[in-house]
Student: 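Sharing a structure below in structure tokens format, with a few things to ask.
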There are 2 protein chains.
Amino acid sequence: MRLTTKGRYAVTAVLDLALNSKDKPVNLSDISSRQAISLSYLEQLFSKLRKNNIVKSIRGPGGGYLLNAPRDQISVATIINAVNESVELSRCDGRANCHDGQQCLTHNLWVDLSDRINDFLDRISIGELIRQNEQQNSQINRNHQGDIPISSYGS
Amino acid sequence: MRLTTKGRYAVTAVLDLALNSKDKPVNLSDISSRQAISLSYLEQLFSKLRKNNIVKSIRGPGGGYLLNAPRDQISVATIINAVNESVELSRCDGRANCHDGQQCLTHNLWVDLSDRINDFLDRISIGELIRQNEQQNSQINRNHQGDIPISSYGS
DNA sequence: CTATACTTGACTAAATTAGTTGGTTATTAC
DNA sequence: GTAATAACCAACTAATTTAGTCAAGTATAG
């Protein structure tokens, strides 16, 4: 489990997709301008998201991407792992090439932790994230911290 | 909240420290050779850990580092945040410099998620990690997956 | 047929991570 | 008091990853 800007971009882009696709496919140019992520970088990310069956694509004019499953069935962990694919976490994960016992022990401890984080993020779906945020905004229906009205979001 | 190899190194090093210091300070050279992390990189990490009061140092011969609190009071989140200091997560976190409402919305969603991950990791202490792993090893006292005996760990 | 938009791959720039070097300072032991 | 140890510190470099650019394609709607 890794949590970098790359994963953040991917989750953000999928959230944008979920929020803006009303059964209609959303094209990457739109996500690019809304989220200020370069088109080509989005292409790289969506290529991996598509290969992992998180989104599906429709080519040609009016095409774009759609979620490949209901919002509540797409977990944050799935998205992050999709774009971080093929990055090995620990140099010795079970294999015996770990000279010193001490090193292997701490590696195991890290792998345990990593698994727990993964389980945690696997239980958070993008649907849940969106709902939770909506609830927050309706509960605290006044300005928080600064003076940016909540109502300016959907503009 | 970010989760990179840097944080992994830091957590691993603190775990090594916790496991090897019996009231005696542990010097970085030992951690370096046990964990195969370069000495100078450890110095950089421990400089931050010390400034964040996670460890304390003793200079001179026989010196080294000690945990600055009981194992159970040092959370994984604290360690990771200490070494990742001064890395801003999201370009608009509450400030009004976020042109488009859509961008700000997804940013908020990410900040919410990040907070949840942080809370989660703040509830996991290195003491707990070590205990949990000890339990696992005593419960499953036979080979798992491959054929590397558990008993070879502590050698 | 033409414009749109996905798809792919190679390449480049920027940022972060990791390691190197070469010191200084505090402390212990001799 | 001087030699050895180990923290402390800063500047520099190498390696890796992230992000973006460029230049092709292919499928499809109209």
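Predicted model only: the values in this text are computed from it and were never measured. Residue numbers begin at 1 in each chain, while the letters A, B, ... track the order of the sequences.
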Student: In Å and rounded to the nearest 0.5 Å, what is the NZ to CD distance from A:K48 to A:Q44?
Tutor: 8.0 Å
Student: Distances under 3.5 Å only, N/O to N/O: pair up the protein atoms with those of nucleotides 27-29 of chain C.
Tutor:
none

Student: If you compare every side-chain N and O of B:Y65 against the phosphate oxygens of D:dC8 (OP1, OP2), does one of them come in below 4.0 Å?
Tutor: yes
Student: Picking from C:dT17, C:dG19, D:dA19, which would you name as closest to the side chain of B:S38?
Tutor: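 For the B:S38 side chain, the nearest candidate turns out to be C:dG19.
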Student: Rounded off to whole Å, could you give me the CG-to-P distance for the A:N27 and D:dA29 pair?
Tutor: 15 Å
Student: Do the non-hydrogen side-chain atoms of A:L105 and B:N133 ever get within less than 4.5 Å of each other?
Tutor: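 A:L105 vs B:N133: side chains touch.
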Student: Could you tell me whether the side chain of A:I31 reaches within less than 4.5 Å of the side chain of A:T12, counting heavy atoms only?
Tutor: no
Student: With sequence neighbours left out, what residues match B:Q132 under side chain to side chain donor-acceptor pair (under 3.5 Å)?
Tutor: A:R116
Student: Establish, with yes or no, whether the OP1 or OP2 oxygen of C:dT17 is under 4.0 angstrom from a side-chain nitrogen or oxygen of B:R2.
Tutor: yes
Student: Please state how far atom NZ in B:K51 lies from atom P in D:dA7, giving the value in whole angstrom units.
Tutor: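 Going from B:K51 (NZ) to D:dA7 (P), I get 15 Å.
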Student: Which label fits B:Y65 and B:F46: parallel for a plane angle under 30°, tilted from 30 to 60°, or perpendicular past 60°?
Tutor: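 Correct class here is tilted.
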Student: Please give, in whole Å, the distance from D:dA27 C1' to A:R50 CZ?
Tutor: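 It is 12 Å, rounded to the nearest whole Å.
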Student: For the pair made of CZ in B:F46 and P in C:dA18, what is the distance, rounded to whole Å?
Tutor: 15 Å
Student: Quick one: B:K6 NZ to D:dT18 P, roughly how many Å, whole number?
Tutor: 15 Å
Student: Going by atom types only, do B:N118 and B:N81 share a side-chain donor-acceptor pair under 3.5 Å?
Tutor: yes
Student: Hey, is the side chain of A:S57 poking within less than 4.0 Å of OP1 or OP2 on C:dA5, counting only N and O atoms?
Tutor: no
Student: Can you tell me how far P of C:dG23 sits from CD of B:E43, to the nearest Å?
Tutor: 15 Å
Student: Which part of the nucleic acid, if any, lies within contact of B:L39, taking any heavy atom under 4.0 Å across all strands shown: a base, the sugar-phosphate backbone alone, or nothing?
Tutor: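 Nothing: the residue B:L39, judged by heavy atoms under 4.0 Å, touches no strand.
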Student: Taking only the side-chain nitrogens and oxygens of B:S47, find out if one of them lies under 4.0 Å from OP1 or OP2 of D:dA7.
Tutor: no
Student: Would you mind classifying the nucleic acid contact of B:T4 as base, sugar-phosphate or nothing, using non-hydrogen atoms under 4.0 angstrom?
Tutor: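 Answer is sugar-phosphate: B:T4 comes under 4.0 Å of backbone atoms only.
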Student: Tell me whether the side-chain N/O atoms of B:T5 come closer than 4.0 Å to OP1 or OP2 in C:dA18.
Tutor: yes
Student: Distance from A:S125 atom OG to A:D72 atom CG, nearest 0.5 Å?
Tutor: 4.5 Å
Student: CG of A:L42 versus C1' of C:dT7: gap in Å, rounded?
Tutor: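 These atoms are roughly 14 Å apart.
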Student: Can you tell me the distance, in whole Å, between the CD atom of A:Q44 and the P atom of C:dC11?
Tutor: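 Result: 14 Å.
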